[in-house]
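One structure is given here, and the rest of the page talks about it.
Any value given below was found using the heavy atoms of this structure, including those in side chains, with hydrogens, waters and symmetry copies removed. Residue numbers begin at 1 in each chain, while the letters A, B, ... track the order of the sequences.
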Amino acid sequence: MELQKINVKVFTAEPKVPLTDFIDVFHGWIQATDGVYLDVADYSHMQAGPGIVLVADDANVSIDETDNRRGLLYSQKSKMSGSNLEKLSTVLRSALENCQRLEQEPALRGKLRFLGNQVEILVNDRLVAPNTGEAFEEIRPEIDFLARRLYSTTNFTLLRNQQDTRLRFNVTISTPLSFETKTLLNNLQAI
Amino acid sequence: MEKSLTWKEKIAEKMPAELAREIDIFEQQMELRKQGKIDEKVFAETRLRRGIYGQRYDNGQRHDGNRIQKLKLPADVIKGPDTLWDAPGMMRIKIPFGGLNPEQLEVLAELSEEYADGVSHVTTRQDIQYHFVHIDDTPSLMRRLAAVGITSREACGNVVRNVTACPLAGICRDETFDTTPYAKACSRFLLGHPDTQDFGRKFKIAFSGCQQHPCGLVTMHDMGAIAKTRVVDGKEKRGFALYVGGGLGSVPYKAKLFDEFLPEEELLPISQAISRVFARLGEKRNRARARVKFLIANLGIDEFRKLVLAERQKLANDPRWTAHLPSVNEQTEEPLKAGVSLNGGERPDGFDAWYATNTYKQKQPGYVAATVTLPLGDASADQLRALADIARRFVKDTIRTTVEQNILFRWISEADLPEFYRAIKAIGLGAPDAATIVDVTACPGTDTCKLGIASSRGLARELRYQLGEKSLQLDEAVKNLRIKVSGCFNSCGQHHIADIGFYGINRNVKGFQVPHFQVILGGKFHDNAGEYGVPIGAVPSKRIPEAVLSITEYYVRKRLKDERFQDFVRRIGKKEIKDLLEDLTKIPDHDVDRAYYSDWGDPREFTLADMGIGECAGEVVSQAEFTLAASERELFEAQLLLDAGRPRDAAKTAYASMVRAAQGLVKAQDPGISEDENQILAEFTSRFYETQLFWDKYAGGKFAEYMFKAKEFIGAGKAVDADRAVQLLQEAQLFIDAAHDCHNKLRVGVASAVKLDSIAQTSA
Ligand code: SF4
């Protein structure tokens, strides 16, 4: 299986920030870069929807509300090269870097915190990776390896939502302890 | 694990062959465009006819509030004039009469996740739209739709768009008869029909089961049919009151009555005849006047009718005209459960309010239709999957999208309603606001549309929020008003037919651009969009919610007993309402409060710099140009056959590509040229070869002779080796190039003739 379109969601602590506040933040990011981001899509009127999406050609960044659980979703869109492990760790790192950038935003400082104890990996391509046990077993070693690095010596679990095979391939890595975004990024550097 | 399969391979068995072939052809056209072998305008209209639309910023630049940024997108390939290949676009998917089943909902959900931004958007014409789609993903997207019987063909472009119909058709207590089978037949018959391929502009059709209700919005369509019956020789006969030439846009036109009773068997032939007259006489150069409404206004309805009836007489009988008629009386839908009335069972919290606004008792006893309101027409993938489950649990496959951007579930056993309500409430779609002032309709506006001036969705979101908070205290007369918002005068949000309508404009306030909305009051949604609203004046975007409150409060205070909003607006007059809004037209200076100088949900300083050239009008591409582009594609296919080690098939296809190019040239002079090879060759020979129009300055008639020789060679049935096939392919390329040259020469000739003509007219 050659993974593409990998998505990573990092959950936030209790939402204190109104969802629409991220619109201004993302527009600020657009101004601070030069043509990387294409647009901001506002879906704040939807329940448990895609939230606020910062659209780019390469990868979208969004404050996603799926399942009524807010988190930063990093959605890789353009084709990646390298091994599956390399791709997974690159996307995970990008997601965490965006979390860190949000935490450091002056408008959000002190109001936004990522939990760090749970990360969801999705593959947004049902052809490459259907949500089946077989696909899970095939990719499990890489995810396992990644999770070991991410959470260092802490125990973790890998859980796939297998209730609904219509969903995209998904695995949630969970650990009982809380981790700072910075620590997770440091841990990932070992890969 | 099936890891090496493509979608094309994986679902090959599930796709109807014709749809599969069309998508293959489109994929080849994409490849040719990337190679620069299809003209950008021809490709733009080609992709529009596949439902692939441009989107804001696809020219590769965007104003960030301070300056224009050049977007980091490859700029070497374009998919239309000033439209970058890699820029995300919009994909419109046709849902004839809004009919959907659970399997289709599931696929729509999957595609929105994988190819768009996770949202399926219901449009004001019962379509589904995705945004932020990469064109390279569209063939797979279309194949997956085709596998569940959906096509995006002719969802955009200068063709017959989605055929809409009342979502209550078949279950309505007031309908004359169910128009569903007719809408379906009309949609199928006109899709890809040769007589609908050469319009100067789009053509919209709607069906309605009755005159008095709004559902079909017949009078704002290019062609609209209202169900009628008549007793002839003691027998009830079905037919339609047929209207033509309606349309919104910047100047709304009400459709005119073409025939007060068109017998059912004449519906399709007359549609075909109308299409032929529109294609022949409709404006092609000036898009702003190219809709059929202008043609009818110019000719007068009587002359138009005369021309159409004359055209009808010329049509050769087509069995498809009446093929659907034997089964129109059969009920097309089956309920999942027996109809049991709602009596005494437990009612969940909020149920009564929802029941009052969102349900409709069907004519079939014990059954109810329920509207699931989608905020701004948007549904997430999870919501669509859940709705598919809900459909399987309560109604099987009787789901329809509505022009009010909602989803209607039909055939719910009334006793199931409390459970149904619980299920939709659990996914955030249980709001009690269908057909109320809270359920605001909006076009995409500046969110994604290249022509958007102001944020229609931003305003609609804000109004939903503010009015939703107050909804319980709103006077009953106000609660039932409709608000519709368009991002510009083009009226995709249908503001003309709302009680309270808005469209986006720009106003300069002390040197700053300020988003405004023009207020249009008193449009009539009822009577099939019976009346258009009156423009009152412009109000700054950020003050529109206050304007809505002011207008509605005034209405409650000043209305006569039971006076409807439309009558109230006309009675008190424009001046009084304008005076009422006068204070709201003012805003603080820029240095006092900058909030007024940006739009809803968009903190950037307001600017028009992001507006682009819209694609609503499509590209006016002649049939000759389309046919020449098709010849290129056939030649490309010949190359693929050669690469696959099939030289004989490659040679035959290369020859066919030359005939196609010849047909393209003939079409420029005779649009009715048939598909018959011999006739094409005869016409080509007499019109282009013998007259030397096709001759090259240096090569003379050599390129035409390639085709004549190829015909002989193929006809002789000789063996074809790879070398001979390569030679034939090269000759075909030269022939097609020469055909393009010839067509260009003809065009230049026509253009200069027209120019001379206009100079003559001006000086006359
Ligand atoms: S009304 Fe204007 S802004 Fe809205 S979709 Fe149509 S063209 Fe775009």
Side-chain angles (χ1 to χ4, degrees), chain A residues 1-2 5 7 20 23-53 55-58 60 62 64-68 73 75 77-78 122-130 132 134-135 137-139 164 166-168, chain B residues 1-3 5-7 10 55-58 60-62 64-67 69-74 86-88 106 109-110 113-115 117-119 131-132 134 140 144 374-376 378-383 385 388-389 427-429 447-448 455 457-458 460-461 464-465 600-604:
Chain A
M1 185 194 300
E2 209 236 301
K5 292 189 170 182
N7 290 5
T20 45
I23 296 175
D24 288 17
V25 172
F26 284 157
H27 275 282
W29 288 18
I30 292 180
Q31 286 175 339
T33 49
D34 196 12
V36 173
Y37 298 113
L38 310 182
D39 207 359
V40 179
D42 176 1
Y43 293 115
S44 58
H45 52 278
M46 296 172 71
Q47 182 169 309
I52 309 295
V53 189
V55 182
D57 185 39
D58 188 39
N60 292 353
S62 55
D64 178 83
E65 304 250 301
T66 303
D67 290 333
N68 286 312
L73 179 71
S75 318
K77 299 197 290 188
S78 61
L122 299 133
V123 181
N124 195 16
D125 186 334
R126 288 172 174 84
L127 191 67
V128 167
T132 60
E134 198 189 354
E137 288 313 319
E138 195 174 337
I139 200 173
D164 192 344
R166 297 173 301 180
L167 297 178
R168 292 170 290 179
Chain B
M1 172 139 320
E2 305 167 60
K3 47 193 163 192
L5 287 184
T6 59
W7 280 114
K10 188 168 167 139
Q55 195 175 307
R56 210 164 172 90
Y57 317 123
D58 64 9
Q61 59 180 44
R62 181 181 191 278
D64 69 4
N66 297 326
R67 67 195 165 104
Q69 288 194 11
K70 199 165 164 6
L71 301 175
K72 285 203 164 62
L73 291 168
D86 289 287
E106 286 169 343
E110 287 186 1
E113 285 175 323
E114 290 180 44
Y115 304 124
D117 57 359
V119 173
H131 293 102
F132 302 104
H134 195 294
S140 295
R144 292 168 77 179
L374 305 177
L376 307 191
D378 292 343
S380 71
D382 283 343
Q383 284 171 332
R385 277 188 285 270
D389 292 338
I427 53 169
L429 297 176
D447 276 17
T448 48
S455 175
R457 277 168 62 87
R461 190 182 292 116
R464 271 190 72 85
Y465 175 70
W600 291 106
D602 189 341
R604 290 175 290 173

| query | Which bit of B/A379 is near chain A, if near means a heavy-atom gap under 4.5 Å: side chain, backbone, both or neither? | reply | backbone

| field | Between B/G601, B/G428, B/G458, the one whose heavy-atom pairs under 4.5 Å with chain A are most numerous | value | B/G428

| field | From A/D164 atom CG to B/D389 atom CG, the distance as rounded to the nearest 0.5 Å | value | 7.0 Å

| note | Comparing A/D57, A/D34, A/D24, A/D125 against chain B, the one with the most heavy-atom pairs below 4.5 Å turns out to be A/D34

| said: Nearest 0.5 angstrom please: A/R166 CZ to B/E106 CD, how far? | reply: 4.5 Å

| task | Drop me the distance from B/E110's CD to A/L167's CG, to the nearest 0.5 angstrom. | result | 9.5 Å

| said: If you count heavy-atom pairs within less than 4.5 Å of chain A, which of B/D447, B/D86, B/D602, B/I427 leads? | reply: B/D602

| task | Indicate the atoms forming the closest heavy-atom contact of B/D64 with A/Q31, along with that distance. | result | O-NE2, 2.7 Å

| task | Specify which of A/V55, A/N68, A/D58, A/T20 makes the most heavy-atom pairs with chain B at under 4.5 Å. | result | A/V55

| query | Got a second to check how far B/E113's CD is from A/R126's CZ, nearest 0.5 Å? | reply | 4.5 Å

| Using non-hydrogen atoms only, which part of B/Q61 is less than 4.5 Å away from chain A: side chain, backbone, both, or neither? | neither

| query | When rounded to the nearest 0.5 angstrom, what is the spacing between CG in A/L38 and NZ in B/K72? | reply | 11.0 Å

| said: Let me confirm one number: the CH2-CD1 distance from B/W600 to A/I23, rounded to the nearest 0.5 Å. | reply: 12.0 Å

| message | With a 4.5 angstrom heavy-atom cut-off, is it the side chain or the backbone of B/D382 that approaches chain A, or both, or neither? | response | side chain

| salt bridge (charged side-chain N to carboxylate O under 4.0 Å, His left out) against B/D378, all qualifying residues, sequence neighbours excluded | B/R457

| query | Any donor-acceptor pair under 3.5 Å linking the side chain of B/Q69 with the backbone of A/Y37? | reply | no

| N/O donor-acceptor pair under 3.5 Å between B/R62 side chain and A/I30 backbone | no

| query | If you count heavy-atom pairs under 4.5 Å between each of B/S380, B/P603, B/A381 and chain A, which one has the most? | reply | B/P603

| task | Can you tell which part of A/H27 gets under 4.5 Å to a heavy atom of chain B, answering side chain, backbone, both or neither? | result | side chain

| Which portion of B/R461 sits near chain A, non-hydrogen atoms under 4.5 angstrom | side chain

| field | side chain to side chain donor-acceptor pair (under 3.5 Å) involving A/K77 - partner list, sequence neighbours excluded | value | A/N60

| query | Given a strict heavy-atom distance threshold of 4.5 Å, which part of A/N7 is in contact with chain B: side chain, backbone, both, or neither? | reply | neither

| query | Side chains of A/D39 and B/F132: closer than 4.5 Å at any heavy-atom pair? | reply | yes

| Taking all non-hydrogen atoms of both residues, which atom of B/R67 and which atom of A/T33 are closest, and how far apart? | NH2-O, 3.4 Å

| Would you call A/M46 and B/V119 a side-chain contact if the rule is heavy atoms closer than 4.5 Å? | yes

